[in-house]
Amino acid sequence: MNSIDLEKAHWKELEHLAIDMAILPWGATEPHNRHLPYGTDTLCSRAVALEAVARIPEDSPLSIAVLPAMPYGVNTGQRDLNLCISIRPSLQYRLLEEIALTLREQKIPKLMIVNGHGGNNFKPLLRELQQNVPELFCCFTNWWTLKDGDEYFREQGDHAGELETSVMQYLYPELVLPLSEAGKGASRGFRPAGLSSRAVWAPREWTKVSSDTGVGNPAASSPLKAERFFTDAAKTLATYIADIAATDNSDLYE
Ligand SMILES: [Zn+2]
C-alpha cells in the first residue's frame, strides 16, 4: 500500500508510481458560529481522507494519493459575512474538470471527492464531468454522512453544532474557542408552507437563518463522542476507497 499525502510528497517517490485513485478533499471558507475556525470543513475533510487512506491494510497493492484540499466552496447565501469566500457552482465545475483532465492525461483512472461542506453539490457536477471526461471514473462522498450521527450525538446540528464542534474538539482542540464564546446556533426556517417542507427547496440567505452563523447548539459537544464517530467514518471510508480503487473501470457493475 502506497498512501500519498501529496502536499508533503516528493517527485523522487512519485516519478514512476502508477496511481490507482486520487482523493480530493473539498471544503469551504466560512464562519462557523463564534467558536470554530473558517477552515473547519476543509480541515475535517482532509483529516478524514488521510485517516481513511492510512487505514487501508499495508499489504494492499494499491497506490492512493490524497490531493491538497480545496479550501473554497459554494457559499452563495453567505457572501455578506465578513471574509466568507464563495465560488460559483460553475467555477467549481471548471476547477473539477481541470483536475480531472490532468489526471486523465496521467492515466490515473479514478477520482473520489471527499466533501465536507453542505453548500457543495457534486451530483450535477459529476454528471457534467461524466459527459466531458468519461475516461475518468469520478465519485464523491459527503463524509459527515458515512455514519449515522444520531447514534453518536444527542442533537447533531447542521452547521457548527454538536457533531461538527465535537469533531473539531477531537481533531484540532487548539482551534476551538471555549464554548462559552459560542452562540446557541438557533435558526429560522422559511415562512411559506412548502419551503419549510422537504418537498420544495430554495437556497437560504444565511444571515436571515442564523444570527451567530451556527445552526445547531454546540453545548453538548465532546471530543470523546467524536473520536468514535470520526474513527468509524474513517474505517468505513477506508473499505470503500480500497474496494473502488481495486476495481477496474471496465468492471464496476455486477
Ligand atoms: Zn462546516
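Between Val114 and Val66 there is no side-chain heavy-atom pair separated by less than 4.5 Å. At least one side-chain heavy atom of Ile87 sits less than 4.5 Å from a side-chain heavy atom of Leu95. Annotation: side chain of His159 is in contact with side chain of Trp206 (closest heavy-atom distance under 4.5 Å). Under the 4.5 Å side-chain criterion, counting only non-hydrogen atoms from C-beta, Leu163 is not in contact with Tyr152. Looking at heavy atoms from C-beta onward, Ser166 lies out of side-chain contact with Phe229 at the 4.5 angstrom threshold. The side-chain heavy atoms of Leu14 and Leu6, taken from C-beta on, include a pair separated by under 4.5 Å. Looking at Ser45 and Asn115, their side chains never come closer than 4.5 Å, going by heavy atoms from C-beta outward. Contact annotation: the side chain of Leu62 never approaches that of Asn2 to less than 4.5 Å [non-hydrogen atoms, C-beta and beyond].
Side-chain atoms of Asp158 do not come within 3.5 Å of backbone N or O of Val215 as any donor-acceptor pair. Side-chain atoms of Trp143 do not come within 3.5 Å of backbone N or O of Ala233 as any donor-acceptor pair. A distance-only check finds a donor-acceptor pair linking the side chain of Thr42 to the backbone of Ala28 [under 3.5 Å].
Annotation for Ala49 and Ile23: closest pair CB-CG2, 4.0 Å, computed over non-hydrogen atoms. Nearest heavy atom pair, residue Met168 against residue Pro37, reads CE-CG, 3.6 Å. Residues Leu129 and Ala100 come closest through the heavy atom pair CD1-CB, 3.8 Å. Residue Pro71 comes nearest to Ala69 through the heavy atom pair CD-O, 3.3 Å, listed as atom of the first residue, atom of the second, then distance. The minimum heavy-atom distance linking Gln92 with Gly73 is given by the pair NE2-CA, 4.4 Å. Considering every non-hydrogen atom in both Leu111 and Leu24, the closest pair reads CD1-CB, 4.0 Å.
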Using residues 174-193 as the side-chain source, report each donor-acceptor pair under 3.5 Å to any protein atom, sequence neighbours left out, with the distance given to one decimal.
from   : atom 1 : to     : atom 2 : distance (Å)
Arg188 : NE     : Lys208 : O      : 3.0
Arg188 : NH2    : Lys208 : O      : 3.4

Please tabulate, for the side chains in residues 235-244, all donor-acceptor contacts under 3.5 angstrom to protein atoms that are two or more places apart in sequence or on a different chain.
from   : atom 1 : to     : atom 2 : distance (Å)
Thr236 : OG1    : Lys147 : NZ     : 3.1
Thr236 : OG1    : Asp232 : O      : 3.1
Thr239 : OG1    : Thr236 : O      : 2.7

N/O donor-acceptor pairs under 3.5 Å from side chains in residues 74-81, not counting sequence neighbours:
from  : atom 1 : to     : atom 2 : distance (Å)
Asn75 : ND2    : Glu30  : OE1    : 2.8
Asn75 : ND2    : Gln78  : OE1    : 3.1
Gln78 : NE2    : Glu30  : OE1    : 3.0
Asp80 : OD2    : Thr207 : OG1    : 3.3

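The salt bridge (Lys or Arg N to Asp or Glu O under 4.0 Å) check on Asp148 picks up nothing, with sequence neighbours excluded. Applying the side chain to side chain donor-acceptor pair (under 3.5 Å) rule to Glu97 yields the partners Tyr93, Arg94, Asn132; only residues at least two apart in sequence or on another chain are considered. Arg204 pairs by the side chain to side chain donor-acceptor pair (under 3.5 Å) definition with nothing, not counting sequence neighbours. Listed by chain and residue number, Glu7, Lys8, Arg46, Leu50 satisfy the side chain to side chain contact (heavy atoms under 4.5 Å, CB included) test with Asp5 (two or more places apart in sequence, or in another chain). Checked against side chain to side chain donor-acceptor pair (under 3.5 Å), Asp248 has the following partners two or more places apart in sequence or in another chain: Ser250. Residues that satisfy the side chain to side chain contact (heavy atoms under 4.5 Å, CB included) test with Asn249, not counting sequence neighbours, are Pro109, Lys110, Phe137, Leu252. For Glu155, the side chain to side chain contact (heavy atoms under 4.5 Å, CB included) partners are Glu162, not counting sequence neighbours. Residues passing the side chain to side chain contact (heavy atoms under 4.5 Å, CB included) test with Pro223 are Gln169, Tyr170, sequence neighbours excluded. For Glu13, there are no salt bridge (Lys or Arg N to Asp or Glu O under 4.0 Å) partners two or more places apart in sequence or in a different chain.
Clustering ILVMFWY residues whenever any of their side-chain heavy atoms sit less than 4.5 angstrom apart, transitively, puts Trp144 in the very cluster that holds Val48. There is no path of hydrophobic side-chain contacts, each under 4.5 Å, that joins Leu103 to Ile64. Residues Ile108 and Met1 do not share a hydrophobic cluster, defined by chaining ILVMFWY side chains whose heavy atoms lie under 4.5 Å apart. By the criterion of side-chain heavy atoms lying less than 4.5 angstrom apart, applied directly or through intervening Ile, Leu, Val, Met, Phe, Trp or Tyr residues, Val53 is not grouped with Leu67; the two fall into different hydrophobic clusters. In the hydrophobic cluster analysis, where Ile, Leu, Val, Met, Phe, Trp and Tyr join through side-chain heavy atoms closer than 4.5 angstrom, Tyr72 is grouped apart from Leu36.
Annotation for Glu135: atom CD counts as buried by contact number, over 12 foreign heavy atoms lying within 6.0 Å. Within a 6.0 Å sphere centred on CD of Gln106, other residues, nucleotides and ligands contribute more than 12 heavy atoms.
Remark: the His35 side chain and the Thr165 side chain contain an N/O donor-acceptor pair separated by less than 3.5 Å. Under 3.5 Å, the side chains of His117 and Asn142 contain no donor-acceptor pair of N or O atoms.
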Please report the C-alpha distance between His32 and Tyr38 in whole Å, then the side-chain angles of each, then the deciding distance to 0.1 Å, and finally whether the side-chain contact (heavy atoms from CB on, under 4.5 Å) criterion is met. CA-CA 6 Å; His32 278 76; Tyr38 274 61; 6.0 Å; no
Ile113 vs Asn120, side-chain contact (heavy atoms from CB on, under 4.5 Å): CA-CA, chis, key distance, verdict: CA-CA 11 Å; Ile113 299 162; Asn120 296 338; over 6 Å; no
Pair Ser63-Leu17, side-chain contact (heavy atoms from CB on, under 4.5 Å): steps then yes or no: CA-CA 8 Å; Ser63 293; Leu17 190 64; 3.7 Å; yes
How far apart are the C-alpha atoms of Leu224 and Arg228, what are their side-chain angles, what is the distance that settles it, and do they pass the side-chain contact (heavy atoms from CB on, under 4.5 Å) test? CA-CA 7 Å; Leu224 291 176; Arg228 281 182 54 230; over 6 Å; no
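Ring centers of Phe122 and Trp26: under 6.0 Å apart, within the cut-off.
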